Every structure is written in structure tokens, then in C-alpha cells.
There are 2 protein chains.
Amino acid sequence: MAKIGIKQVAALSGVSIATVSRTLRNPEIVSEKTRQKVNDAVKKAGYKPNKMGSSLRTQESGNIVVIIPDVTDPFNSGIICSIEREAQKMGYSVLLGDTQNDPKRAEQYAEMVEYGQADGILLFSYNLPLEVVPDEKGNVNLPPIVNVCESTAYDGIHKVMVDDEEGARKATQHLIDLGHKRIAVITGNENTTTNANRLAGYRKALRTSGIQIDDKLVMQGNYQIDSGVEQTKKLLLFKDRPTAIFCFCDLMAMGAIKVLHDHGYSVPRDMSVIGFDDIKFAEYTYPAISTIRQPVDEIGKTCMHQLYQLLKGKPAEKYIELKTELIVRDSTGPAPRK
Amino acid sequence: MAKIGIKQVAALSGVSIATVSRTLRNPEIVSEKTRQKVNDAVKKAGYKPNKMGSSLRTQESGNIVVIIPDVTDPFNSGIICSIEREAQKMGYSVLLGDTQNDPKRAEQYAEMVEYGQADGILLFSYNLPLEVVPDEKGNVNLPPIVNVCESTAYDGIHKVMVDDEEGARKATQHLIDLGHKRIAVITGNENTTTNANRLAGYRKALRTSGIQIDDKLVMQGNYQIDSGVEQTKKLLLFKDRPTAIFCFCDLMAMGAIKVLHDHGYSVPRDMSVIGFDDIKFAEYTYPAISTIRQPVDEIGKTCMHQLYQLLKGKPAEKYIELKTELIVRDSTGPAPRK
DNA sequence: CAGTATCATGTAAACGTTTTATGTAAAAAT
DNA sequence: ATTTTTACATAAAACGTTTACATGATACTG
């Protein structure tokens, strides 16, 4: 069985290959009857237009690459999932760019667009894997790229962010409202913007309520589950223990709760724990985790939409901030009376 | 800044484009000194060979597509992660094919190879998204594809599987060894092979130990967390309750434990729970989940290796089965004395 | 009816590579 | 000195599309 390309279809339907191509891309500019003929031939021959051929000609790969630190993280996989769904609707395929937290790999993935393997980038990272080289007129020449959730230092890039500061403020305020005064925090990766913003929100809430900020209560985590475990263990050794822990992601909250249980503490009776993200499992742990919900679907939809604008050379907003929501479940409760 | 292609590099280094190409693909067949010249020019010009051009010519996209039901499932995301790592080493990029459990989408992704967008398929599904059309000589013409973890009905396809039956047997035996006699099971999706095999293993263990098989104790789940919740609730209403639950995945085990806690049962004192998969979080829940570990990294590595063989037209084993391992943690314990 | 606008199609030139067949100069063999 | 071999390098032909331009037919205008 010889390979069937556009030529074969053209021959079969008795028109030129140009007409075949037009029938498939711009059906409206070809007459009703030839359109019929061609479509029949396409169906009959089972013609599948070769993507590489068309990509080469159009200079569009039809791919986007999403650069993300770790697909294994439930928050990330949620995002990826919603992006993929959205991308498919728009006719794009997604190349997976799991960096495993290695900046070099991020760079490699970013290069995909220079190699013409991808048309655009969705970047979940705080460091830009691209050189920003201003031309003679001083304006830079970035590929279509949108920075999502984590903000890079570079301002020129389009961003879709979440109101991390406000989210963290709400979480902290929730604990304060429950009567907690000594509220520990387990942070995310040190140099991430999400982390900085959440920390700011935490401090703001304390300040507003006139609670003394104690830097000993901010424990350095890294968004991974074991850092939640580790830091909580440390907290338990404090002489004046906190009565609540605000973890900067649900995963660390899971770790924290685990440790508390293991040490015989009841959550939330002895200690409240609140997370961030609202990953799928947050409501299925015991106790169900109170958290700050990030609008995962909306994030995926929005960043993909923004990227689409960029890809098509249409105007796109430079900065979009999405809202979080406080979800109260069972891991937070009134502060224990001393 | 004009776009720099192979032509520009050729001009810059004073050789033909053919020589440039050879220098990059087959350095060994070009003389030392021209190789130098060319490499210098490549570096100086910052030349990035266009993937579409080369793909079109070589008829290889350099992509593989992994078709998987739901990236959001921690077991799946673990697999994807290990595949991606392996693929990258081999010079392949991975296209994400999250089907969201929709067979139509699976088909679309599978078609990527017919469109020349991908060279091969890693298929995590029990239904083959491809027509198997035997030619005149009776042999079928499948694209490079390997079926992973879930087995399709079609035998002709290369498979990398896990010893689900033996795994389930071990899990059940573990419970039996702890003195449990009434052991419930929460299954996965009805028509999956994993499910059938695990069920077989469960039954085998009971039979071997001379325990009466009670089909009322096999509850239909679907590998998703809420089915663990739902079915456990049902189990609690039984007059002669089981003393242990074997969930066919850790997610459902999480759900089960959650329900048990909510209803005031202590795990494992009142009821033992064992899962399957050993997802990353299994050891961080409270109590930590006893489970059957699937060798995620090995699965990714193996199936990618098999696919590679197929892609390169080298021989590949038709069937590989990987071993599971019983991991005893805290969610299983001695059967309560009545 | 000449002239012009409109429309449907065909022709051929790209797109950026790789690679086969061909050529050429230098090295080796006679 | 002449031929044969070797080692490179080149020119040109693919790969499978899309699309600018050309062409011819048809319809419309004054």
C-alpha cells in the first residue's frame, strides 16, 4: 500500500493539489461541487495530511510546551490537565516539559521554540529560561510566552498570577479569627515569588490584628511533603509551641498533620493546620484540610487563552491576577485555651 | 536580524550546506578541520536547526505520545514523570495525551502518528484506539506502540505489565496472615484487565487459605477517590462487617480511611485497610497506608525502552512483566477479636 | 458588446532540512 | 608519469505541504 499524500488525493479527485489543500484549510473559497469531490476522495483514501509538511510550510508547529517543575505534584498535574484540555480545544498539542527542578532542563525546553518544535511556552517558574536581548531599538524579542503562577523577575513577560498575598492573608486571618495568636508558617521554596507574596500576606494579617510577629515561627519548607513533616517536627520541640500552622501548600499540610497525629496530637483540637492550593485530596485526608483554593481550571484556561493571543499576534493583557478562596474544612478549629 | 538557517552557517564557514548538515549529524565522516570551521560558525551564528525541516526530510518527528486516562491521578503522574525523563535521554519529546477517560480522545491522540506528529505511542488503556487491519498476507500494520500496565484485548501488541494478580494475592495474604477472615475489596474500573487480575489474585489467596469467598464483599469502585469513600460507607452498613478492606488503589484506600475515621473507627485497630500502587503520599497519610508497590520508575524506563526498540526497528520482547512488592505500613494490623 | 470585476482553479515556488549521486583534489600505487 | 584509490565536498533532489501569482471562465457594467 503506497503512502497516500496530497498528490494521491488530488489525482483521485481530479483536481490540483492546491485545490485539495484549499478544500481542507479554506473550504469557503472552493466551489461546492469540487469541495464534495475532494472531501469524498479524502475520505475514501483515508488521507491524513502530514503535520511536518504543513508545519514546515506554515512555520507553525501547532505545539506549545509547558515548563513545570514536577508533574508529580498534584497542584501541578491539575494545572497541566486543565491546560491540556484547553489547548486541545484551540488546536494545539502540548509538549510536556517537566524540569524536575533543574534549571538546565527548563532552558532546554524553552529552546524548543527556537528549534521550531513549539510555538509558545507556558512557564511555571521563577527563573526565565531565556536570554533577554534588547535589539538596537531597545525592545526585546521574546517568543510567545506566558508566565504562570510563579513570577520571574523580568517584567516584560506576560503573566497570569494568583493573589497569593491576599490568599495567605485570608488563611492567616481565618486562624486569627479562631483565636490563634501563635501561628507558625511553613514556607515554600526560598526564592519563589509565590513564597514571598504568601509570606507578605501572613505578616500583613498578623500586623493588622496587632499580633507580634515572631520570625522563629516561620519555618523554611520547599513545597514538598517531607519538608512539611520535617518542619512540623521542629515546631513541636518549641517551648512555647504555636497553636496553629499555616502551610504554604496542601502537601506540606498533609505532612504536618501526619506528624501531629504520630505524636499524639489531635487536629484541630490541639493544633490547627491550614494549607494552600486545595488539591484534589485535601478534602479526603483526615481531617479534611482547610485551605486556600487556587482556581486551577481558571488558571489553565486563562494562561492558555493569553498564550493564544500572543501566538496569533493579538493583544493580550500584561498582567492578570486570579482570586483565591478560603475553604474551611476540619483541620482548623478554635485555639485551645491555655 | 535575518533568520539564520543552515544556508547562513554554510556561507559563514565557507562550505556547502550539505557539509554543515553532516557536521551536525555525522561528525565522524567530515574532516577534522572543516568540522572545526563549521562548529565555530554554528556557535557564532547561534544556529538552531529547524526541527520541522529535519523531521520532514527524515520522516521522524522525534515525538512520542503518551495516552493516559488522567494525569491528575498520582500513580499516572508518577509514570508520566519517569517516562518523560527516560524519553528525554533518548532524544524524544513527549506529547501529553490525557484522555480524561474519553475513548474518542484516545483515538485522536493515537492518530497523531498517522499525521506524522508522533513516531510512537505509549498506551495506558484497555481499549486499543487503533483499527487493526490485516493486510493480504494477514499481518497487521501497527505503528510503534507499547501497551503499559493496562492490557488491551489485542494480543499482537507489545506489552509491559505488572504482576497484578500476584500483587493482589500478596496483599490479601498479608491480611489473612494478620488473622482477617472477612476481607472486603474495592475494585477498579469494571472492564480493566488490572482489575480482573487483581480480583483473581484476591480470590486465589482466599481459596488457598480455605476462606469462603463472599461476593457481597467485592464492591465496585473505579480507581477514583470518591468511590473509595462511597463503597466504604456501604460496607459499614453490613450486619457482619468485614474486618479489612483491600482497595485496588491507594487513592481509594485514602477514601476508605477517611470514611472510617469519620465514623469513629480506628485504623487499623477496628479495621485494616491496604491499598495498591504505593503512590508518593501513601506513606504520609495517617495512618500510613500499607500497600503493594508498583515499580513506577522501572515501568517508565522499561516501556520507553521497548518503544525505542520498536521505533528503531529493533527486536523487542512481546511481553514483559514487572514485579510488585508488599509494603507494610500502619494501616493494617491484627484482626480484632470478636 | 467591449471592458472589467469576480470567482474557481491550476502552476510553481517556497519552507529548512538530509542524502544520493557526482565531482574533484590529494594520496597511493603502478 | 600515469592510473587507481581515498577522502572530502558539492549540487541537486527529495520530504509534503501552503500560497502568491497566473489563467481562464463567468458574470456584471455602462
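Hydrogens, waters and symmetry mates play no part in the numbers below; they use all other heavy atoms, side chains included. Letters go in sequence order (proteins before strands), and every chain restarts at 1. It should be emphasised that the depicted structure is a prediction, and the values quoted were computed from it without experimental measurement.
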Mind running salt bridge (charged side-chain N to carboxylate O under 4.0 Å, His left out) on Arg35(A) and Glu32(A) for me, showing each step along the way?
CA-CA 5 Å; Arg35(A) 204 189 312 165; Glu32(A) 176 62 29; 3.7 Å; yes
Mind checking whether Ile83(B) and Glu86(B) have side chains closer than 4.5 Å, heavy atoms only?
no
Taking atom NZ of Lys301(A) as the centre, does the number of heavy atoms from other residues, nucleotides or ligands within less than 6.0 Å exceed 12?
no
Check: His158(A) side chain, Ile145(A) main-chain N or O, donor-acceptor pair, under 3.5 Å:
no
Would you check, one step at a time, whether the test side-chain hydrogen bond (donor to acceptor under 3.5 Å, both in side chains) holds for Ser125(A) with Glu150(A)?
CA-CA 5 Å; Ser125(A) 168; Glu150(A) 271 294 350; over 6 Å; no
Treat primed atoms plus P, OP1 and OP2 as sugar-phosphate and everything else as base, then score nucleotides 14-19 of chain D 5' to 3': B for base contact with protein heavy atoms under 4.0 Å, S for sugar-phosphate contact only, - for none.
BBBBBB
Got Asn147(A) and Tyr154(A) here, is their nearest side-chain heavy-atom distance under 4.5 Å?
no
Separation of dT6(D) atom P from Ile29(B) atom CD1, nearest Å, is 17 Å
Side chains of Ile6(B) and Ser21(B): does their closest heavy-atom pair fall under 4.5 Å?
yes
Interface with DNA chain D, restricted to residues 34-45 of chain A and to heavy atoms under 4.0 Å:
none
Please assess Ser61(A) against Gln117(A) for the test side-chain hydrogen bond (donor to acceptor under 3.5 Å, both in side chains), listing each intermediate value before the final yes or no.
CA-CA 6 Å; Ser61(A) 68; Gln117(A) 196 180 358; over 6 Å; no
Could you go step by step and tell me if Asn101(B) and Gln224(B) meet the side-chain contact (heavy atoms from CB on, under 4.5 Å) rule?
CA-CA 12 Å; Asn101(B) 284 300; Gln224(B) 298 191 26; 3.9 Å; yes
Would you call Lys104(B) and Glu107(B) a salt bridge, taking side-chain N to carboxylate O under 4.0 Å as the test?
no
Give the angle between the helix axes at the two ends of the helix from dC1(C)-dG30(D) to dT30(C)-dA1(D), taking five base pairs at each end and rounding to 10°.
50°
